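Counting convention: from 1, in listed order, for ligands and their atoms alike. Computed from a predicted structure; not experimentally measured.
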Amino acid sequence: MERRLEIAHQLARVKAEIDLATHFPAPQLIVVTKTFPLSDVEILYELGQRDFGENRDQEGSLKSQGVPEDSIWHFQGAIQSNKIKSIVKWSDYIHSLDDLGHARKISEVALGLSKRQKCFIQINLDAPQIPSSGSEGARSGIKQSELESFATELKKLAGIEVVGVMGVGPLGKDPAPAFALLKTLSIKLQGVIPGAEFISAGMSGDYKIALQHGATHIRLGSSILGSR
Ligand SMILES: *Cc1c(COP(=O)(O)O)cnc(C)c1O
């Protein structure tokens with residue numbers, strides 16, 4: 001019961017902050033439940049939360065089976081080829097697509113399941129001249145210069161629906177320029193794939209800045225569930 005009150009409080013607090021930071025339309029809040037138990041997902045579900053994010057296939061697969069069908073699952077971790085079959089089964093959205101070989105396999109698996117897999121293209125937002133370093137998440141993603149050619153290739157895959165761009169803000173630096181860049185790249189993507197207008201950006205530490213730069217999907221874990 002104590003945990004339920006704690007989560008309810010944090011969820012309400014974060015939602016109020018999101019309301020203050022945005023104009024219509026409201027962004028989609030994804031609660032990142034990685035490393036937290038299924039019981040937390042169940043509490044969130046009872047509180048009305050429907051969108052959940054996970055970084056690992058096995059964890060996401062198990063948790064997604066533990067809550068009712070109308071929950072929406074987002075995969076945002078590094079994609080491993082041998083996990084694609086499973087990921088496509090349980091995830092409604094993949095946020096971390098950055099490899100054409102993976103894309104071809106995702107498309108094939110999705111078509112076999114009679115679905116079109118919704119995907120965000122993950123873009124590396126590090127300044128191009130600075131060699132990437134540090135955190136795992138920030139290093140993933142296609143190069144900014146590759147966006148149009150990558151999107152052109154994805155368009156040929158019948159089992160994939162590209163819904164937008166995804167980026168991870170830089171660690172220990174002002175995230176504003178990175179999120180502004182992501183907004184520009186989103187417009188570029190829509191030049192290739194009209195309607196692919198979603199922007200997945202912002203985590204617990206930087207979501208308010210991401211919202212100022214047009215984020216449509218924010219991925220929050222620790223600000224709602226506590227430190228891992
Ligand atoms: C873990 C993770 C999040 C959530 O991070 P918090 O700092 O806990 O909000 C969001 N996006 C990605 C890609 C992550 O790996």
Side-chain angles (χ1 to χ4, degrees), residues 3 6-7 9-18 21-22 27-38 40-41 43-44 49-64 72-80 83 87 90-99 102 118-126 132-142 163-176 178-179 181-182 185-186 198-228:
R3 181 65 173 154
E6 186 180 20
I7 292 176
H9 174 77
Q10 294 294 67
L11 186 63
R13 186 185 59 78
V14 166
K15 280 186 176 170
E17 286 186 352
I18 293 169
T22 39
Q28 181 61 59
L29 166 63
I30 299 162
V31 179
V32 177
T33 48
K34 69 180 183 211
T35 76
F36 291 99
L38 174 62
D40 280 359
V41 181
I43 290 170
L44 285 160
Q49 179 65 29
R50 290 294 178 270
D51 287 73
F52 303 97
E54 286 286 340
N55 282 40
R56 288 174 186 273
D57 168 54
Q58 201 184 7
E59 213 181 325
S61 174
L62 283 171
K63 286 182 195 165
S64 62
I72 298 163
W73 289 85
H74 301 257
F75 180 80
Q76 51 176 42
I79 298 173
Q80 288 172 280
K83 300 289 168 64
I87 294 169
W90 63 264
S91 73
D92 296 284
Y93 292 84
I94 293 175
H95 288 241
S96 43
L97 182 59
D98 64 0
D99 178 277
H102 291 163
K118 295 187 176 78
C119 294
F120 291 80
I121 298 173
Q122 184 170 356
I123 305 171
N124 186 327
L125 298 178
D126 292 346
S132 52
S133 64
S135 97
E136 173 197 330
R139 232 186 347 229
S140 315
I142 62 164
V163 297
V165 291
M166 183 276 217
V168 174
L171 262 188
K173 271 192 287 180
D174 177 13
F179 291 143
L181 171 66
L182 190 60
L185 293 167
S186 164
F198 290 163
I199 300 176
S200 170
M203 307 177 19
S204 291
D206 56 17
Y207 74 91
K208 287 176 205 162
I209 297 157
L211 288 171
Q212 287 166 8
H213 292 92
T216 63
H217 291 61
I218 53 176
R219 312 177 308 269
L220 308 187
S222 53
S223 56
I224 294 165
L225 294 171
S227 51
R228 284 176 207 98

Trainee: Test of understanding: with side-chain hydrogen bond (donor to acceptor under 3.5 Å, both in side chains), list the residues that count as partners of Gln10, not counting sequence neighbours.
Mentor: Arg13
Trainee: Excluding sequence neighbours, so at least two apart, what forms salt bridge (charged side-chain N to carboxylate O under 4.0 Å, His left out) with Lys15?
Mentor: none
Trainee: In ligand 1, which numbered atoms sit nearer than 4.0 Å to a non-hydrogen atom of Leu220?
Mentor: 9 (O)
Trainee: Just verifying a value: how many Å separate Ser61 OG and Phe75 CZ, rounded to the nearest 0.5 Å?
Mentor: 11.5 Å
Trainee: Return yes or no for this condition: an N or O of Ser223 is under 3.5 Å from an N or O of ligand 1.
Mentor: no
Trainee: Number the atoms of ligand 1 from 1 as they appear, then name those within less than 4.0 Å of a heavy atom of Lys34, with their elements.
Mentor: 1 (C), 2 (C), 3 (C), 14 (C), 15 (O)
Trainee: Hey, which atoms in ligand 1 end up nearer than 4.0 Å to a heavy atom of Asn55?
Mentor: 14 (C), 15 (O)
Trainee: For the residue pair Tyr93 and Phe198, does the interplanar ring angle fall in the parallel (under 30°), tilted (30 to 60°) or perpendicular (over 60°) class?
Mentor: tilted
Trainee: Heavy atom to atom 13 (C) of ligand 1, shortest distance: which of Arg228, Gln76, His95, Glu54 holds it?
Mentor: Gln76
Trainee: Considering Met166, Met203, Gln122 one by one, which has a heavy atom nearer to atom 10 (C) of ligand 1 than any of the others?
Mentor: Met203
Trainee: Can you name the atoms of ligand 1, numbered from 1 with element, that are less than 4.0 Å from a heavy atom of Gly221?
Mentor: 4 (C), 6 (P), 8 (O), 9 (O)
Trainee: If you define the side chain from C-beta out and look only at heavy atoms, does anything of Arg219 sit under 4.5 Å from His74?
Mentor: no
Trainee: Any side-chain heavy atom of Asp51 within less than 4.5 Å of one from Gln49?
Mentor: yes
